[in-house]
Structures are given as structure tokens and as C-alpha cells.
Amino acid sequence: MTEWDLKKLRILRTLADRGTVTATAEALHMTPSAVSQALTNLARQVGVPLLEAQGRRVRLTDAARLVLRHTEAVFAQLERADAELSGYLAGEAGEVRIGAFSTAVPVLVVPAVAALRRSHPGLEVRVHETEAAESWELLSARSVDLALSLAAHAPVGGDPRFTRVTLLEDPLDVALPPDHPLAGVPDLRLADLAGDRWIYGGSGPWSQITRGACEAAGFVPRRAHEAAGWTAILAMVQAGMGVALVPRMVTSRASGVTVRVLTYDRPTRHVIAALRRGAEAGPAVSRVLDALRTAATKLS
């Protein structure tokens, strides 16, 4: 019977994620030679080739992918075992690490942590502010236990390693300069702003969200300025440099601009919580997730 080495299986899974031996070594704080030796030993243990040369890189064999399919089930079960062991504390103590994108921190994470400090003072929550797209890497590297991200950033086609929980639909409002001629027009539609100068990022999901919402309204937005941070975007809008779609999580705290709700267009983005599959059974993580749900319900 084959003896499975969990450490070597984790190295193989990381290689499948990162694509190269060098990137795998960096992620696991190993040397490239140690990674190669571990995978060679794993192939010897299981009795099948796991890697094959592809130019200066390596690729996984079909046998390696078969091994990985079973490996995911093993690691999910180990996550459940960890969750059950932590159940001895019944979620009353312990540490949960949250990775969250910047706009989610003040409106979701802070209220959730404040509530938990009152109800479960022995439960420590550590917050790691990050880009929404980086949340999945942090989860995979076990740097955080729970991550707040956007559905637009989720791995394409889903990922069996993670459990996703939708927290809320965050509507997109339009921010206008205070003296914009349409600032006070009732029932404003996106199409009414087809001729305006727009402010949004040059690439990434937020650019796609803005362009997608405008194209659904029948026009392609004319980008006048490129920015990714909401402070910069709102400052430019306030100065009359253009208009922008802004999430409700941001416009609820915006000042100096006119914010209009797009009743008819109703563009939204979806805020999700992500966990390693099986970890949701852990009492401490479950309490934090419930607190985030409560904060999201109050926000929506």
C-alpha cells in the first residue's frame, strides 16, 4: 500500500497553483532544489511520474492530476478534523485571521469585530487589509483563515479548495460633481451620462464592471482619467473632472459630490466571504462569519 506524505502532497498542490518550481519554492519558503527533490521522492513513493519537462519548465502529468484530485479531498477532511478539534473551545477563544479589501474593512469587518469583542472577548480577530484579488492566494498559502473578496475576483470556474458565501449585493451609485447639470434630474439613468467624461481604472474587474454596466445601458464610457483608489476618484469627481460609478459601501461615506441611485439600471457587485473548504465547520471561524453576515445585513 502506498504511503502518502502530506508535506510532499502540499508541495505538489502548490506547484499546480504557482506553475513553476521557483514560485513554489518562494511560496513555501524552500529552495528550488528542495522542492524538486521532494517531488522526485513523491513520484518514487507513488510509483508514477508526476512531472514532465516542457522547455525550461515542467508540467504535471495526468497521473499527478489524478493524485491531486484525491489530495483535495484529503486536505478538506484534515480541515474538518482541525475544525472539530478546535470545537473543544466552542469558539469562545482562539484566533481568526481575516483578509479584507479596503472598502470592506470599515463597513463590514470593523462592525463585526466590535460585536465579537463584546460577545466573545476571548476570540481574537486579526485583520489583514489586502487587494480583493489577492485574497485567494492568502487563503491558499494559509496566511488568513477567512477572506472578503468580490465575486468578480473569484477563480474562474470555481475552485474545489474553497467555500464561497455571498454576504451582500453592493449597489453601484453614480457620483456627479455638485454642479453637474443632471445632479437634480429625477429618475437619472446611466444612458443620460453617455456623453460625460468617466473616471475608472484602466484594467481589472472594476474596469470591467464599469464598462459592463455602461454597455448594458447602451454606450461605451469615455474614460477621461484613470484611477483605482476611491479617495482619488471622488476628489476628481468633486473637482468636476468627470463622473464615476462608485459602490454603495463607498458612497455611504462620500462627501463633496452628488450621489445618485440608479433605480432603473441597478448595477451591483457581489461581496463574498471565502474559506478553505471544510474550515467553515470551525466554531471560531463560524462565529466570525456570522458576525460578518450580521454586519452585511445591517448595511444592506
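For reference, positions follow the sequence shown, starting with 1. Excluded from the calculations below are hydrogen atoms, water molecules and symmetry mates; all remaining heavy atoms, backbone and side chain alike, are included.
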Please answer whether the main-chain N or O of [Y] pairs with a side-chain N or O of [X] as donor and acceptor at a distance below 3.5 Å.
X	Y	result
Asp192	Arg189	yes
Thr268	Glu169	no
Arg222	Gly195	yes
Thr130	Ala100	no
Thr251	Ala254	no

Kindly indicate whether the side chain of [X], heavy atoms from C-beta on, has any atom under 4.5 Å from the side chain of [Y].
X	Y	result
Lys298	Pro111	no
Leu139	Phe162	yes
Leu182	Val185	yes
Val237	Val257	yes
Arg276	Arg142	yes
Leu172	Leu262	no
Arg293	Leu167	yes
Ile11	Leu42	no

Of the non-hydrogen atoms in [X] and [Y], which two are nearest, and what is the gap between them?
X	Y	answer
Trp136	Ile272	CZ2-CD1, 3.7 Å
Val21	Val58	CG2-CG2, 4.2 Å
Asp265	Ala217	OD1-CB, 4.0 Å
Leu245	Trp230	O-CZ3, 3.7 Å
Gly240	Pro177	CA-CG, 3.7 Å
Leu146	Ala273	CD2-CB, 4.3 Å

If you measure from [atom1] on [X] to [atom2] on [Y], what distance do you get to the nearest 0.5 Å?
X	Y	atom1	atom2	result
Leu289	Arg287	CG	CZ	12.5 Å
Thr103	Leu108	OG1	CG	8.5 Å
Leu188	His180	CG	NE2	8.0 Å
Leu9	Leu39	CG	CG	10.0 Å
Leu78	Thr71	CG	OG1	10.5 Å
Asn41	Ser36	CG	OG	11.0 Å

* Asked: Could you walk me through whether Leu299 and Met249 pass the side-chain contact (heavy atoms from CB on, under 4.5 Å) check?
  -> CA-CA 8 Å; Leu299 184 64; Met249 292 168 68; 3.9 Å; yes
Please answer: with hydrophobic residues joined when any side-chain heavy atoms are less than 4.5 Å apart, are [X] and [Y] in the same cluster?
X	Y	value
Ile209	Leu234	yes
Val261	Val259	no
Val144	Leu275	no
Leu60	Leu66	no
Leu150	Leu138	no

* Could you go through the side-chain contact (heavy atoms from CB on, under 4.5 Å) check for Val105 and Val110 one step at a time? => CA-CA 6 Å; Val105 172; Val110 170; 4.1 Å; yes
Salt bridge between [X] and [Y], side-chain N to carboxylate O under 4.0 Å?
X	Y	result
Glu72	Arg13	yes
Asp5	Lys7	no
Asp170	Arg248	no
Arg65	Asp62	no
Asp187	Arg260	no
Asp159	Arg277	no

Can you establish whether the number of heavy atoms outside [X] located under 6.0 Å from its atom [atom1] is more than 12?
X	atom1	value
Gln37	CD	no
Glu280	CD	yes
Tyr264	OH	no

* Run the side-chain contact (heavy atoms from CB on, under 4.5 Å) check on Leu292 and Asp290 step by step: do they pass? -> CA-CA 5 Å; Leu292 288 168; Asp290 285 344; over 6 Å; no
* Examine the side chains of Thr20 and Arg57 and answer whether a donor and an acceptor come within less than 3.5 Å of each other. =>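 Thr20 vs Arg57: no donor-acceptor pair found between side chains.
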* Just checking, any donor-acceptor pair under 3.5 angstrom between side chains of His128 and Arg97? -> no
* Can Arg211 be said to sit on top of Tyr200's aromatic six-ring, NZ or CZ under 6.0 Å from centre and within 45° of the ring axis? ->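 Here Arg211 fails the 6.0 Å and 45° test against Tyr200.
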* Working for side-chain contact (heavy atoms from CB on, under 4.5 Å), residues Asp173 and Val246 -> CA-CA 5 Å; Asp173 301 325; Val246 183; 5.7 Å; no
